[in-house]
Amino acid sequence: MAPPKKDTEALTLRLHRDMIEAIDALRRDQPDIPTRPEMVRRILQAWIEQHPPKV
């Protein structure tokens with residue numbers, strides 16, 4: 001479920017309890033019930049795809 005370890009960096013952040021609960025609710029809606037970090041990766045990936053960086 002987790003992405004490969006190569007070419008990655010750890011990112012630590014604190015989230016308000018309401019946001020964590022919202023992420024957990026989204027996780028439960030997924031057929032594979034991803035981990036919190038994986039759900040955050042999916043959310044970020046979807047957002048980036050909808051808002052591509054201007055390079």
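What you are looking at is a predicted structure, and each value in this text was computed from that prediction instead of being measured. We're numbering straight along the sequence, starting at 1. Side chains are part of it too, since the values below use all heavy atoms of this structure and drop only hydrogens, waters and symmetry mates.
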For H51, ring-ring contact (aromatic ring centres under 6.0 Å, His included) partners two or more places apart: W47
Which atom of L15 lies closest to which atom of I20, heavy atoms considered: O-CD1, 3.7 Å
Hydrophobic cluster identity match, L44 and L26, side-chain contacts under 4.5 Å: yes
Short side-chain to backbone donor-acceptor contact, R27 and P34, under 3.5 Å: yes
Under a 4.5 Å cut-off applied to non-hydrogen side-chain atoms, are [X] and [Y] in contact?
| X | Y | answer |
| --- | --- | --- |
| L13 | V40 | no |
| D24 | M39 | no |
| Q30 | R42 | yes |

Under the side chain to side chain donor-acceptor pair (under 3.5 Å) test, residues paired with Q45 that sit two or more places apart: E49
Value rounded to 0.5 Å, distance of NE2 in H16 from CD in E21: 9.0 Å
Spacing of OG1 belonging to T8 relative to CZ belonging to R41, to within rounding of 0.5 Å: 9.0 Å
